[in-house]
Structure formats: structure tokens, C-alpha cells
Amino acid sequence: GAARVPGRVRGTGGEDRAAPRSPELSLQELTFLSKQEILLAYKRFSELLPKEERDNACSTRVPKSQILTLPELRANPFQHRICHVFSTSDDGDGSMSFEDFLDMLSVFSDSATSDIKSHFAFRIFDFDDDGTLDRKDLEQLVNCLTGQGEESRLSTAEMEQLIQNVRTLRWADAGAWPRSAHHWHFPPLQILEESDIDKDGTINLSEFQHVVSRSPDFARYGGFQR
């Protein structure tokens, strides 16, 4: 499940409040969403539930299968990782509470900071959840981008060729790309290769964020823009 950024997404939680706040105002302070966006998010979340459960949407979890019907995720190559990272389910089933759902929409919003976006991008690319990005994570990232089917899945030789092309930055030589990769662009792979600042073969969060901060187009990849 998801390990939270302190104070949920925005990192503002924990302060004492002199007067009670409305739920929408409190949620505004903990996300990058406006009151209207939060109300719309609640409506969208409720509509993912059976009608008899909608009155209790704030205390009900939506199954992963329903979350994946959202337009933002339906065609996203990292849809399963996104559910895994934002879900707080103890069962690891990718289901989401309303707060999980808000966290996800908040990170996807245009108002979220690049640090927050890159933090969650790192976690989504960290397929084995070990706190670093390594060769195995890179291979799984490629498989997500090229497709999991037998026809689109890269062979071992093609995977090696693609990763070597990234390392030598042979972007112009279209003939060098594996047949399955011709219709894809791979800026995330270039970013990962450039991120290994200490050249130890793995990428930690600070290395990743350092390079992403110099890549303004990065948010377009992995579904981090609406």
C-alpha cells in the first residue's frame, strides 16, 4: 500500500486549529484541489459504487476493477502500479478509500508541485518497492510501455538492445529500435539513465528528483497530467 507523504499529499497536516473547519476546507488544505474539485471528486467516487452504498461513500472502499474504469487510468500503461501506490488497503488489493482517491487526483492535478509528482512517479516506477530503481524496474517499465501481450512483449535481446540505445542516446537511429518499440518514445528511460548520479547501478529518490527537476516535460509521462 501507499506510504504517505507527511500530512497526506500536501504535507500540511498536524497543525492545531482554533476553530472547526468544514470537511471540504480541511481537504483543500491537505490536497492541491479546490473545493469544487473535491466536490466533483466525491461525486465521481460515489458513482463508482453500487447505488445502495453511495450514501456511505466516505467509509467505503471502491474495488480496483472500478478504479481502472476512470478515463485517467483506462489507457494508462502504469494503471496497476498507480492503484498499488495510492491504495492504503491492508489486503494489497488496490482498492481505494475516498481519501486514497483524492490523493491520486491531487497528484494528477496541474496544481501539484513537481516534487510531489516526481515522488509518486518514483514510487510507481519502483516495481519491487525496495526504495531504488534498478535494471529489473527498468525492464518492467519497458514492458508496461510496449504492452504485456505476446506479440508486443520484447524478447530478452530486444530488451537489451533498447536499454543500450537509451544508454548511448541513439534517439535518431530509428532502425536501431526493436520492432515493438517503433511507435513509442521513451523519455522516462532516458531520465532513468541520466539519474544514476553516483553510477552505482541504482537510482534513489533524490537522484531521480534531481534529474526530473530539469525535465519539464516529465509530467506528461506516467499519467501525471490530466
Side-chain angles (χ1 to χ4, degrees), residues 1-11 64 73 76-94 96 100 103-104 106-108 112-148 153-171 178 180-181 184-225:
R4 293 294 176 213
V5 174
R8 300 190 70 82
V9 164
R10 199 175 247 248
K64 177 181 174 181
L73 295 182
N76 191 303
F78 303 106
Q79 55 179 215
H80 297 290
R81 284 297 303 166
I82 289 170
C83 287
H84 172 79
V85 165
F86 286 98
S87 171
T88 56
S89 171
D90 292 334
D91 298 330
D93 58 8
M96 289 194 188
D100 297 340
D103 278 359
M104 179 180 71
S106 181
V107 171
F108 285 177
T113 65
S114 58
D115 277 354
I116 290 292
K117 288 182 183 290
S118 59
H119 172 95
F120 281 94
F122 181 88
R123 293 193 57 215
I124 288 166
F125 293 162
D126 182 14
F127 285 83
D128 55 9
D129 299 315
D130 68 350
T132 62
L133 305 183
D134 57 20
R135 169 65 181 256
K136 289 184 178 179
D137 294 318
L138 185 60
E139 290 181 0
Q140 291 199 62
L141 188 154
V142 171
N143 285 333
C144 279
L145 289 172
T146 58
Q148 299 292 332
R153 196 175 185 87
L154 300 188
S155 67
T156 302
E158 287 176 327
M159 180 72 73
E160 184 63 35
Q161 182 184 355
L162 175 57
I163 291 174
Q164 288 304 318
N165 286 344
V166 171
R167 286 180 172 159
T168 56
L169 302 182
R170 292 163 61 189
W171 300 103
S180 304
W184 293 91
H185 299 289
F186 290 89
L189 305 191
Q190 184 179 5
I191 287 169
L192 292 184
E193 181 61 27
E194 293 173 354
S195 297
D196 187 12
I197 294 168
D198 59 10
K199 302 304 176 188
D200 65 349
T202 64
I203 300 158
N204 61 37
L205 176 59
S206 61
E207 289 176 324
F208 181 78
Q209 288 187 313
H210 174 74
V211 172
V212 168
S213 69
R214 298 187 286 110
S215 306
D217 289 337
F218 177 78
R220 292 191 290 119
Y221 300 94
F224 283 95
Q225 284 184 342

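Just so you know, these numbers use all the heavy atoms, side chains as well, and skip hydrogens, waters and symmetry mates.
Separation of atoms CG (Leu138) and CZ (Phe127) is listed at 9.5 Å; rounding is to 0.5 Å.
Residues Pro77 and Cys144 come closest through the heavy atom pair CB-O, 3.3 Å. Counting all heavy atoms, side chain and backbone alike, Asn204 lies closest to Glu207 at OD1-N, 2.8 Å. Of all the heavy atoms in His119 and Leu205, the pair that sits closest is ND1-CD2, 3.8 Å. Nearest heavy-atom pair, Lys64 versus Cys83, reported as atom, atom and distance to 0.1 Å: CG-SG, 3.9 Å. Nearest heavy atoms, Leu73 versus Met104: CD1-SD, 4.0 Å. Summarising the geometry of Ser118 relative to Phe208, their closest heavy-atom pair is O-CE2, 3.3 Å, with the distance given to 0.1 Å.
Using a 4.5 Å heavy-atom cutoff, the side chains of Phe120 and Ile82 are not in contact.
In this structure, the salt bridge (Lys or Arg N to Asp or Glu O under 4.0 Å) partners of Asp129, at least two apart in sequence or on a different chain, are Arg81. Partners of Asp90 according to the side-chain contact (heavy atoms from CB on, under 4.5 Å) rule, which considers only residues two or more places apart in sequence or in another chain, do not exist here. Judged as a side-chain hydrogen bond (donor to acceptor under 3.5 Å, both in side chains), and not counting sequence neighbours, the contacts of Thr132 are Asp130.
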- Message: Would Val107 and Phe86 count as a side chain to side chain contact (heavy atoms under 4.5 Å, CB included) here? Give the steps.
- Response: CA-CA 10 Å; Val107 171; Phe86 286 98; 3.8 Å; yes

- Message: Please evaluate residues Asp128 and Asp137 with respect to the criterion side chain to side chain contact (heavy atoms under 4.5 Å, CB included), reporting the C-alpha separation (whole Å), side-chain torsions for both, the decisive distance (0.1 Å), and the verdict.
- Response: CA-CA 7 Å; Asp128 55 9; Asp137 294 318; 3.5 Å; yes

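For Asp126 (side chain) and Gly131 (main-chain N/O), a donor-acceptor pair under 3.5 Å exists by modelled atom type.
Under 3.5 Å, the side chains of Asp115 and Thr113 contain no donor-acceptor pair of N or O atoms.
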